[in-house]
Colleague: 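Starting off with a structure, shown below.
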Amino acid sequence: MTTSPVFPSGTILGYPRIGPRRQLKKAVESFWAGTISAAELEDTAAALRQATRNRLVALGLGADDSSIPGSFSFYDQVLDALCTVGAVPARYASLVGADGCIDLAGYFTLARGEGENLPLEMTKWFDSNYHYLVPEIGPETVFSLSSDRIVREFAEAKAAGYLTRPVIVGPVTFLLLSKASDEAPAGFSPLDRLDDLLPVYAALLQRLAEAGAEWVQLDEPALVSESIDAPRAEAVAALGWAYDTLGRLATRPAIFVAAPYGSLDDALPVLAGTPVDAIGLDLVRGALPLDAPGLAGKTLVAGVIDGHNIWRGDLAGALDKAERLAELSPRVTVSTSTSLLHVPHDVNDESALGDELPGWLAFADQKVGQVATLARGLSEGRAAIAAELAAASVALEARRNAPGVRDGAVRARAAALTADDFSRGDYQARLVAQDAALGLPLLPTTTIGSFPQTGDIRRARARHLTGALSAGDYRDLMEAEIARVVALQEEIGLDVLVHGEPERNDMVQYFAEQLDGFQVTENGWVQSYGSRCTRPSILWGDVSRPRPITVDWSTYTQGLTAKPVKGMLTGPVTILAWSFVRDDQPLGDTARQVALALRDEIADLEAAGIGLVQVDEPALRELLPLKKKDHADYLDWSVGSFRLATAGVADATQIHTHLCYSEFGVVIDAIRNLDADVTSIEAVRSRMEVVADIEAGGFDHGIGPGVYDIHSPRVPSVAEITELLDRALESIPERQVWVNPDCGLKTRGYAETVESLHNMVTATRAVRARIGANAPA
Ligand code: GLN
Ligand code: ZN
């Protein structure tokens, strides 16, 4: 093609797919349960897509200028790309029909597994709380266009009078996010298959052009991340090669390559040197780029509206950035920095945020409005949008000065902190004091905190929320549940007990609801993975703890048993990671405030006679920045906030933490620096590989590498658990080892939980006896 069509003046990189009332979640889960047919699910999805297009036009995007992204997905955009290019793992070859296509049921099977066949692995999408499915690519993978869903969705929109812009994960990111298949030989890298994959993308582009698509969006976020396994030079070269190849195609739509979540750095000049038509830059996370040869010939898509948080933000500042970008190319489009997948639908859907907060916020729909406004400002001049800019500045100013945003007492306390507040002192002295206080056996057994959340518990919470169940009755029910869980743990023979967390709806929201500075939403759902959605709280002001949160529950529990009970809190980093956090100060400052609130809670637990407190930080790895240059600062504040929360206790009080991902090696130094007395981690899915990292890292504190996978209902046998324990004991001195499951039991049923824990205790006792028998006299 010679001249590309004009790119719209404003667009978004993607829109939430779940529906304002989680319609998609409900329909998908009904399909899984067999209560609706595939055709009914397709109808619901089509209606949602049509509603989205109507809504986006009402909010200011154009119906016929390719500004509406075709970003729908039934489950996950990486899985969509996998099905489009037909990269189905060998164990699922039977899912491909006689026509070479994968139907909806097959699509979900890849995500959820079937019988003995494991689903695709799931992992975090860049530094967000969204999870994608990891393709498995080997030399044996056959690529062929196996789903025309993306073409059909384009045609569906066109028939309804909309010219949309199909969106798909780009070929380089697709391979960079893949892992080598089990069949692949050592040294194989999925990127080796780029030349075989590109013809499928070429065929897709041709089909889209024939269907009438003027623009297509290929997402290449892997190029902004430095935590991708492939060597950087290879990734950048692959990008250049891929878009040289696709750009030279005779029949294709204009190509827009989007690079959300950070700056492209050295990949930008390479991309600018290819024949692509438009390049999307994240100007919220990334800096304005330097000029590069070829850039002036591209449409530059200025990602100036933050797609990753819910603040209304500085509209004039965003326009400044777009104008600065316009110095590099005569064609600049205003856009969001990322897909709006990470934010809820509509602030106007909230009725209980108070008078002030809604004016400071922008959910997806408000952000679309901001894009449309700035697009007008960029083309018609600032005067054309003077009223909108002024309103945004007024809101920003109001937010700055609102009561609660800055709390003098909280700030004074944070300012007065000294190094001592972050340090617990000598570990050996703590060990002696804790041994004396707790008197635990070798290889102590425990759990990660939650026990199964039964239907009864959920119903009681729902009824309490609507007022149908009084606070007193609710409390009685929860206490009865705790008593049951304690009796069960005693019967099983666990050494350190928990209360089971029945009173918690969610490990972050539960605390957000009780801390000052947070606000909870009613409909603020965002997709976490597949049909799973979370409702992050809004951390808008200075954080403090008006009253104790967990102390009554923990002391009630300790009163039921002579065994030690572990208090259970969520750590500052995880609270931040799973909330929408204020953007008007460094994350580290906010983390300190949360840490101080937790520090008070821990002091109260200790004073109430709780001898062990676990502070969960499952999100420690998730927030690790994508650029290496940002790691030191992040690790400093994240580890610092954990230490600040936990360092106020006496030597005899044992601090636990829990992390749940298997890439222990990546942050082993950070974990050592947390200085928790005991750290429990997920280890089963990596077959205890993490113990090698622990050994190599010279870790001398307590460690509980999980001995069974809680993500499936499968009950591990005594023999399996023994084998894993033995493997851990080969690398780690026995006095350090704790025995526990991989993670909390909240999503499990009671039958398998009880059996699994019994097996865990039986295995531990046998290993203990053996160690005892072998001990030198
Ligand atoms: N204590 C929490 C639980 O057991 C930890 C959950 C988590 O690691 N995500 O549920
Ligand atoms: Zn966990």
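Just so you know, ligand 1 is whichever comes first in the structure, and atom 1 is the first atom listed for that ligand. Since we're looking at a predicted model, the values are computed, not measured.
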Colleague: Using a strict 4.0 Å cut-off to heavy atoms of Asp616, name the atoms of ligand 1 that fall inside it.
Modeller: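 Near Asp616, meaning under 4.0 Å from one of its heavy atoms, ligand 1 has 1 (N), 2 (C), 5 (C).
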
Colleague: Does NZ or CZ of Arg535 lie under 6.0 Å from the centre of the six-membered ring of Trp525, at an angle within 45° of the ring axis?
Modeller: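 Yes, Arg535 lies over the aromatic ring of Trp525.
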
Colleague: For the CG atom of Asp583 and the CG atom of Leu539, what is their distance to the nearest 0.5 Å?
Modeller: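 If I round to the nearest 0.5 Å, the distance is 11.0 Å.
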
Colleague: Output all residues satisfying side chain to side chain donor-acceptor pair (under 3.5 Å) with Asp516, sequence neighbours left out; order by chain, then residue number.
Modeller: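 None.
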
Colleague: Would you mind running through ligand 1 and noting each atom that sits below 4.0 Å from a heavy atom of Gly744?
Modeller: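 Those atoms are 3 (C), 4 (O), 10 (O).
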
Colleague: Any N or O of Cys743 that comes nearer than 3.5 Å to an N or O of ligand 1?
Modeller: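 No; every N/O pair is 3.5 Å or more apart.
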
Colleague: Return yes or no for this condition: an N or O of Lys746 is under 3.5 Å from an N or O of ligand 1.
Modeller: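 Such a contact does not occur with ligand 1.
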
Colleague: Under 4.0 Å from any heavy atom of Met568, which atoms of ligand 1 are there?
Modeller: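 What qualifies from ligand 1 is 1 (N).
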
Colleague: Give me the residue, atom name and distance of the protein heavy atom closest to atom 6 (C) of ligand 1.
Modeller: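 For atom 6 (C) of ligand 1, the nearest protein heavy atom comes out as Met507 SD, 3.5 Å.
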
Colleague: At a non-hydrogen distance cut-off of under 4.0 Å, which region of Cys660 contacts ligand 1 (side chain, backbone, both, or neither)?
Modeller: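 Side chain only; the backbone of Cys660 stays clear of ligand 1.
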
Colleague: Tell me the ring-ring contact (aromatic ring centres under 6.0 Å, His included) pairs involving residues 727-757, sequence neighbours left out?
Modeller: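 Every ring-ring contact (aromatic ring centres under 6.0 Å, His included) pair that includes a residue of residues 727-757, provided the two are not neighbours, is His656-Trp738.
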
Colleague: Students often mix this up, so state it plainly: with edges at 30° and 60°, are the rings of His701 and Tyr427 parallel, tilted or perpendicular?
Modeller: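 Plane angle under 30°, so parallel.
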
Colleague: I'd like the name of whichever of Ala619, Ser450, Pro741 reaches closest to atom 3 (C) of ligand 1 through any heavy atom.
Modeller: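 Looking at heavy atoms only, Ser450 sits closest to atom 3 (C) of ligand 1.
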
Colleague: Rounded to the nearest 0.5 Å, how far does NE2 of His308 lie from OG of Ser339?
Modeller: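 Those atoms lie 10.5 Å apart.
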
Colleague: Consider only side-chain N and O atoms of Thr445 and Asp495, and report whether a donor and an acceptor are under 3.5 Å apart.
Modeller: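 Yes, side-chain donor-acceptor contact under 3.5 Å.
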
Colleague: Please could you name the atoms of ligand 1 that Gly449 approaches to less than 4.0 Å, counting only its heavy atoms?
Modeller: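 Within the 4.0 Å cut-off of Gly449, ligand 1 contributes 4 (O).
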
Colleague: If you count the non-hydrogen atoms of other residues, nucleotides and ligands that lie under 6.0 Å from CZ in Arg532, is the total more than 12?
Modeller: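 Atom CZ in Arg532 is not packed in, count stays at 12 or less.
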
Colleague: Judging by distance only, is a nitrogen or oxygen of Glu501 under 3.5 angstrom from one on ligand 1?
Modeller: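 Yes; the residue has a nitrogen or oxygen that sits under 3.5 Å from a nitrogen or oxygen of the ligand.
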
Colleague: Within rounding of 10°, what is the angle whose vertex is the Zn ion (ligand 2) and whose arms end at NE2 of His658 and SG of Cys743?
Modeller: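 Seen from the Zn ion (ligand 2), NE2 and SG are separated by roughly 130°.
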
